[in-house]
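First listed ligand is number 1; within each ligand, the first listed atom is number 1. On a predicted model such as this, the values are computed, not experimentally measured, just so you know.
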Amino acid sequence: MTVTNRHIRYTLLLVIIGLLVYLALGYGTRSFEAYCPFGGAESLWGLITQGEFTCALGPLNLSIMLALLGLALLSKKSFCGWACPIGLLGELGGKLGGRLWRKRPKVEKRTNGYLKLLRYVILVVVLYFTYHTGELILRGFDPFYLIFSGFGHGSLGWISIAVLGGIVVAALVVPMAFCRYLCPLGAVFDPFSRLGLLKVSRDDSSCTACGMCTQACPHEIGVDEIEVVRHRDCTNCLECVDVCPEDDVLSIRARL
Ligand code: SF4
Ligand code: SF4
């Protein structure tokens, strides 16, 4: 069996999910929340204005956040494709949806662009209310928190169940719907990801324009139409590289 990038990526994701479950069951010395990178953004204002971290957050959240911003500068949104359980949920939901729908409804390009602005709105709203209340107001709506805490402290009962259910159903209709439109952490990564050094590059002279790379991309990036993938949503998941039938047409390279 040939080991593909997907095999390596899914193995890494399963290891990370296993570690998170271990922490969520209370076996670790810290709560799984201590490792949430978005906590770094949520705690920043409190740290600057009052010199203390918000609620249950701490220095580890901030350190992880800063490390991941550095990773985005190196390899775009690799965290989202290679380490985030919610990214995996969106990806698998998209694949399952592809089998369920005879013809999946397509989000028109302009609408897709407008919907992506939602993640910036959510980022601003979450940070505003977190800074003003000193509470982690995202908990009741955050799929990561809801899943790993088992709808724990801060969840909003049926509202949280409906939110999580909505995210799962949305992934069946639009691959990576939560990541594309709603994830505030993705919004934080965006400007860094645009600058990310390692990018998928396409050798146009050997490309047969079969379009399989674009079809395989969970973010529907038109890989077959560009020579260097600079798109902010690219997670360097390498699904496009795996699926390309031609040798060495697609590769990951350092490109400005
Ligand atoms: S899958 Fe490979 S050969 Fe086909 S369009 Fe994409 S880069 Fe070109
Ligand atoms: S362009 Fe390729 S590496 Fe980037 S997200 Fe799409 S499939 Fe993954």
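Annotation for Y145 and R139: closest pair CD2-O, 3.4 Å, computed over non-hydrogen atoms.
How far OG of S78 is from CD1 of I252: 7.0 Å, rounded to the nearest 0.5 Å.
Atom 4 (Fe) of ligand 1 has C210 among its coordinating residues (N/O/S atom, backbone or side chain, under 2.8 Å).
Proximity to C207 (heavy-atom distance under 4.0 Å) selects the following atoms of ligand 1: 3 (S), 5 (S), 7 (S), 8 (Fe). Those atoms of ligand 1 with a heavy atom of G211 less than 4.0 angstrom away are 4 (Fe), 5 (S). Close contacts between ligand 1 and D224 involve ligand atoms 5 (S) [criterion: under 4.0 Å to a heavy atom]. For ligand 1, the atoms lying closer than 4.0 Å to a non-hydrogen atom of L250 are 7 (S). Within the listing of ligand 1, atoms 7 (S) sit less than 4.0 angstrom from a heavy atom of R202. Using a 4.0 Å cut-off to heavy atoms of E246, the atoms of ligand 1 that qualify are 3 (S). Atom numbering of ligand 1 starts at 1 in the shown order; those under 4.0 Å from a heavy atom of V249 are 7 (S).
Residue contacts with ligand 2, taken as heavy atom pairs separated by less than 4.0 Å, do not involve V241 at all. Both the backbone and the side chain of T208 come within contact range of ligand 1, each with a heavy atom under 4.0 Å.
Between R6 and E91 no salt bridge is recorded (no basic side-chain N to carboxylate O distance below 4.0 Å). Salt-bridge formation is detected for the pair D233/K77: a Lys NZ or Arg NE/NH1/NH2 atom is positioned less than 4.0 Å from an Asp or Glu carboxylate oxygen.
At distances below 3.5 Å, not a single donor-acceptor pair connects side-chain atoms of R202 with backbone N or O atoms of V229. In this structure, R119 contributes its side chain and R180 its backbone to a donor-acceptor pair below 3.5 Å. Counting only distance, with no hydrogens or angles, the side chain of K76 and the backbone of S193 share a donor-acceptor pair below 3.5 Å. Side-chain N or O atoms of W101 include one that pairs as donor or acceptor with a backbone N or O of L172 at under 3.5 Å.
Protein nitrogen, oxygen and sulfur atoms, that is N, O or S, within less than 2.8 Å of atom 6 (Fe) of ligand 2 amount to 1.
Residues T130 and L138 form no side-chain contact, since every pair of their non-hydrogen atoms from C-beta on lies 4.5 Å or further apart.
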_side chain to side chain donor-acceptor pair (under 3.5 Å), that's the test. Do S43 and N61 meet it? Break it down for me._
CA-CA 8 Å; S43 59; N61 299 97; over 6 Å; no
*Kindly indicate, with the supporting measurements, whether the criterion side-chain contact (heavy atoms from CB on, under 4.5 Å) is fulfilled by E246 and D203.*
CA-CA 10 Å; E246 307 299 325; D203 176 3; over 6 Å; no
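Of all protein heavy atoms, the one closest to atom 2 (Fe) of ligand 1 is C244 SG, 2.3 Å.
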